[in-house]
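All remarks here apply to the structure that follows.
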There are 2 protein chains.
Amino acid sequence: MFSIGQISNRTGVKVPTIRYYEQMGLIDAPERSEGNQRRYSKKELDLLSFIKHARDLGLSIDAIRDLIRLNAHPDTPCAGADRIANEHLASVRLRIQQLQRLESELSRIAKSCKAGVVKDCYVIRALSDHSLCQDDH
Amino acid sequence: MFSIGQISNRTGVKVPTIRYYEQMGLIDAPERSEGNQRRYSKKELDLLSFIKHARDLGLSIDAIRDLIRLNAHPDTPCAGADRIANEHLASVRLRIQQLQRLESELSRIAKSCKAGVVKDCYVIRALSDHSLCQDDH
DNA sequence: TATAATGTCTCTAGCGACTATAGCTTCAAG
DNA sequence: CTTGAAGCTATAGTCGCTAGAGACATTATA
């Protein structure tokens with residue numbers, strides 16, 4: 001049996017976050033000690049690791065909830081899990097594209113400024129005047 | 001003089017967002033009509049365009065507030081504006097890197113699953129077992 | 001000019017995924 | 001037995017909006 005601090009250390013999920021996950025219904029309310037403190041089993045530790053991993057990969061709480069539900073029924077088709085992963089993958093790819101466009105615009109703006117005072121600063125001029133942009137965003 | 005809806009149309013910033021910016025101190029409270037509705041001048045429209053552009057580039061409200069303050073003093077050195085742009089650029093680049101690592105991890109997970117049922121699903125296995133990862137995240 | 005339609009007003013609450021704080025109780029080590 | 005760390009609940013704050021309610025203002029049409 002582990003205390004909340006122990007599973008926090010082992011999984012890397014912060015203590016208040018664990019309680020938050022419990023509140024959100026991602027993990028069940030665990031047993032309690034005589035003094036009303038949470039006591040977790042290995043199974044619950046594993047679940048929390050699963051959640052941590054999925055969160056690190058950027059999956060939303062809702063998506064993770066779905067995966068947990070799927071995982072609880074090992075004989076259902078796994079198309080659901082596949083779909084969740086692929087949808088998330090698509091959104092990650094989209095986000096990367098967006099950020100890359102921003103990166104090029106921003107680096108152009110940031111490196112173009114050789115002025116000494118704000119009056120002539122390219123950063124501020126570029127932000128004020130959309131026509132200085134190279135693509136539309 | 002423009003109504004809030006008119007500057008919303010011209011800048012692409014939604015009406016409630018304009019009021020929110022006013023509340024946050026990004027823009028000053030404008031004049032009011034006899035019936036207590038906001039009335040904006042061209043100058044305020046330009047400022048809002050500036051803000052919109054900076055937000056589209058991902059700058060935070062705080063960073064934009066700093067830029068506006070800088071812009072109000074045209075004879076100060078523009079190192080501040082440069083710093084803000086470059087800091088943001090660095091954080092965008094970092095974020096892109098992170099997302100690219102996620103993308104590769106996630107695409108590996110998503111395309112490896114050929115199982116029919118959850119019990120054998122690679123998506124769920126990979127999320128449960130960190131050792132299946134190719135790099136650490 | 002009357003009325004209808006649209007726009008605007010303030011205020012409050014909600015989103016997602018936590019994080020922080022306050023004031024208390026319990027636990028483990030010395 | 002004392003002390004200090006860890007845990008408890010409950011509430012509020014973060015960011016950048018967005019949505020809704022219910023009232024008032026303005027504009028367009030009949």
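Chain letters run A, B, ... following the sequence lines, proteins first, then strands; residues in each count from 1. Everything numeric in this text was worked out from a predicted model, so none of it was measured.
- When the side chains of ILVMFWY residues are joined at heavy-atom separations under 4.5 Å, either directly or via intervening members, A:Met1 and A:Ile7 end up in two distinct hydrophobic clusters.
- For B:Arg32 and D:dT26, the shortest distance from a side-chain N or O to OP1 or OP2 is not below 4.0 Å.
- Note: CD1 (A:Ile7) to P (D:dA6) measures 15 Å, nearest angstrom.
- Between the side chains of A:Gln98 and A:Arg95, at least one donor N or O lies within less than 3.5 Å of an accepting N or O.
- OP1 or OP2 of C:dT8 has at least one side-chain nitrogen or oxygen of B:Ser3 nearer than 4.0 Å.
- For A:Arg10 and A:Tyr40, the side-chain atoms include no donor-acceptor pair closer than 3.5 Å.
- Heavy atoms from other residues, nucleotides or ligands lying under 6.0 Å from CD of A:Gln6 number more than 12.
- Considering only side-chain N and O atoms, B:Ser33 lies nowhere under 4.0 angstrom from the phosphate OP1 or OP2 of D:dA25.
- Summarising the geometry, the separation between CD on A:Gln6 and C1' on C:dA28 is reported as 11 Å, rounded to the nearest angstrom.
- Between A:Arg55 and B:Val15, the residue whose closest nucleotide on DNA chain C is further toward the 5' end is B:Val15.
- Listed nucleotides D:dC17, C:dT26, C:dC9 differ in distance to B:Tyr20; the shortest reach to its side chain belongs to D:dC17.
- Between A:Glu31 atom CD and D:dG7 atom C1' there is a gap of 17 Å when expressed in whole angstrom units.
- Residue contacts for B:Arg19: at a heavy-atom cut-off of 4.0 Å it reaches a base atom on one of the strands shown.
- Across C:dT19, C:dT8, D:dG7, the shortest atom-to-atom separation from the side chain of A:Thr17 is found for C:dT19.
- Under a 3.5 Å cut-off, the side chain of A:Ser8 and the backbone N or O of A:Ile4 do not form any donor-acceptor pair.
- Counting any heavy atom pair closer than 4.0 Å across all strands shown, A:Arg38 reaches sugar-phosphate atoms only and no base atom.
- Both A:Ile4 and B:Tyr21 lie near DNA chain D, and the one whose nearest nucleotide falls closer to the 5' end is A:Ile4.
- Look at CE on B:Met1: it is 21 Å from P on C:dG7, rounded to the nearest Å.
- The nearest whole Å value for the distance from the CD1 atom in A:Ile18 to the C1' atom in C:dA17 is 15 Å.
- The distance from atom CD of B:Glu34 to atom C1' of D:dT27 is 16 Å, rounded to the nearest whole Å.
- For the pair B:Lys14 and D:dC17, the criterion of a side-chain N or O lying under 4.0 Å from OP1 or OP2 is not met.
- Spacing between atom CG of B:Asp56 and atom P of D:dG16 amounts to 14 Å, rounded to whole angstrom units.
- Here D:dG13 presents its C1' atom at 17 Å from CD1 of B:Ile61, a figure rounded to the nearest Å.
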